[in-house]
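Notes follow the structure.
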Amino acid sequence: MRNAVTIAGTGSYLPEKVMTNDDLSKIVDTNDEWIFSRTGIRERRIAAEGEFTSHLATKAAEKAIEDSGIAAEDIDLIIVATITPDTLTPATACYVQENIGAKKAVAFDISAACSGFLYAMKIAKRMIEGGASTNALIIGAEKLSAFVNWTDRTTCVLFGDGAGAAVLRKSEEGEGEIIATDIGTDGAQTHLLNIPGGGSACPTTVKNAGEGLAALAMSGQEVFKHAVRRMKTSANTVIERAGLQPEDIALVIPHQANVRIIDAIADRLAVPNDRVFVNLHKYGNTSAAAIAIALDEANHTGKIKRGDKIVMVAFGAGMTWAAAAIEW
Ligand code: UT7
């Protein structure tokens with residue numbers, strides 16, 4: 001019997017508030033020309049006060065569930081990939097479970113930074129294949145605006161808030177499937193991209209509260225080099241496992257961090273730019289949410305159709321990387 005897993009529905013949610021590069025130039029010493037030419041970002045979304053990661057995740061999840069045609073009460077697994085949870089404990093997935101009414105679902109978070117949504121996809125796929133889940137909801141959701149140092153121009157211009165989700169279930173005859181997945185980690189590079197404060201290594205205290213330690217810190221150029229190398233290798237791994245040639249790939253959905261990284265990946269994979277999905281000019285880098293949002297936009301704007309082969313590839317703090325080859 002066929003034991004394949006398919007994506008039955010997708011959804012995404014972006015907060016209403018738009019912050020443009022010009023808005024940022026009023027906060028830190030920067031300008032639209034620098035930000036756009038170095039990154040490809042024009043604007044990003046910022047969650048409202050009182051709007052948390054779980055709220056963004058819930059809205060994306062509700063759309064994905066509706067799109068899938070599966071009832072929320074039939075979801076039995078919820079994985080939220082995030083580095084910006086509502087609370088250190090419980091997991092953001094627990095709030096989502098309650099919000100969507102998926103009473104019988106087991107719910108937990110994973111922390112794999114920008115690779116998180118594809119990590120979640122691999123875990124859910126394996127759980128469905130192994131019989132531990134029937135209908136899985138995977139979500140990438142981030143409120144990065146709460147973990148950005150708004151006085152540091154080298155990082156605050158890069159990130160944004162948002163969420164994307166997908167419902168996974170067994171694939172029936174004639175439907176698409178997740179053909180191949182790849183995930184990897186290099187713990188020797190933890191120093192290149194992290195949030196140093198707010199955890200057990202450096203808890204936020206009355207004394208250090210003003211030092212901005214619970215904010216993203218990054219060695220941009222080093223991360224850039226690792227990103228290109230790891231994403232190329234990971235994408236090629238799933239392309240080979242799926243038996244694809246560059247011309248077979250209808251769309252590459254790369255992590256949305258920097259358009260120069262995306263161009264370098266497209267070049268190395270020999271896929272023309274018009275078959276590479278880019279939306280970071282609108283949202284900036286939304287970490288674990290980025291590929292999930294992009295997949296939903298590609299799905300609902302007709303960029304991908306039944307039978308298309310698509311490759312998703314991500315890279316993030318850890319360092320982590322991940323890729324998936326899918327028949328839609
Ligand atoms: O999602 C996880 C993965 N993350 C990534 O993939 C990020 C990877 N890294 C990058 O995307 C790029 O390295 C950045 C966009 C972060 C930075 O671009 P860059 O071309 O590597 O710039 P840089 O760090 O070498 O900085 C160049 C100059 C510096 O000035 P000097 O030293 O040349 O005088 C910076 O101080 O640009 C300056 N600079 C800025 N100027 C205006 C840095 N940030 C800004 C800014 N506005 N926002």
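Values below: all heavy atoms of this structure, side chains included; hydrogens, waters and symmetry mates excluded. For ligands, and for the atoms within them, numbers begin at 1 and follow the listed sequence. Position 1 is the first residue of the sequence; numbering continues from there.
The protein atom (non-hydrogen) at minimum distance from atom 21 (O) of ligand 1 is Gln221 CG, 3.2 Å. Looking at atom 44 (N) of ligand 1, its nearest protein heavy atom turns out to be Trp34 CH2, 3.3 Å.
Here Thr154 has heavy atoms under 4.0 Å from ligand 1 in both its backbone and its side chain. In Ile261, the part holding a heavy atom less than 4.0 Å from any atom of ligand 1 is the side chain.
Of the polar atoms of Val157, none of the N or O atoms is found under 3.5 Å from an N or O of ligand 1, judged by distance alone. Of the polar atoms of Asn31, none of the N or O atoms is found under 3.5 Å from an N or O of ligand 1, judged by distance alone. For ligand 1, the polar-atom distance check against Thr30 finds a nitrogen or oxygen pair separated by under 3.5 Å.
Distance check, rounded to the nearest 0.5 Å: CZ of Arg38 to OG1 of Thr154 gives 12.0 Å. Separating the CD1 atom in Ile110 from the CD1 atom in Ile123 is a distance of 4.5 Å, to the nearest 0.5 Å.
Distance check for atom 34 (O) of ligand 1: every protein heavy atom is found at 4.0 Å or beyond. Distance check for atom 25 (O) of ligand 1: a protein heavy atom is found below 4.0 Å. Distance check for atom 47 (N) of ligand 1: a protein heavy atom is found below 4.0 Å.
A side-chain hydrogen bond (donor to acceptor under 3.5 Å, both in side chains) with Tyr95 holds for exactly one of Thr87, Asp86, Thr53; it is Thr87.
Side-chain atoms of Gln256 come within 3.5 Å of backbone atoms of Phe277 as a donor-acceptor pair (strictly under, hydrogens ignored).
In this structure, Arg44 is not positioned above the aromatic face of Phe159 in the sense of NZ or CZ being under 6.0 Å from the six-membered ring centre and within 45° of the axis.
Membership of the apolar cluster around Ile293 extends to Leu14, Tyr283, as traced through chained side-chain contacts below 4.5 Å between ILVMFWY residues. Under a 4.5 Å side-chain heavy-atom cut-off, the cluster of Ile, Leu, Val, Met, Phe, Trp and Tyr residues that includes Val80 is completed by Ile65, Ile70, Ile75, Ile78, Val96, Ile100, Leu137, Ile139, Val167.
Residue contact annotation: Leu193 has a non-hydrogen atom under 4.0 Å from ligand 1.
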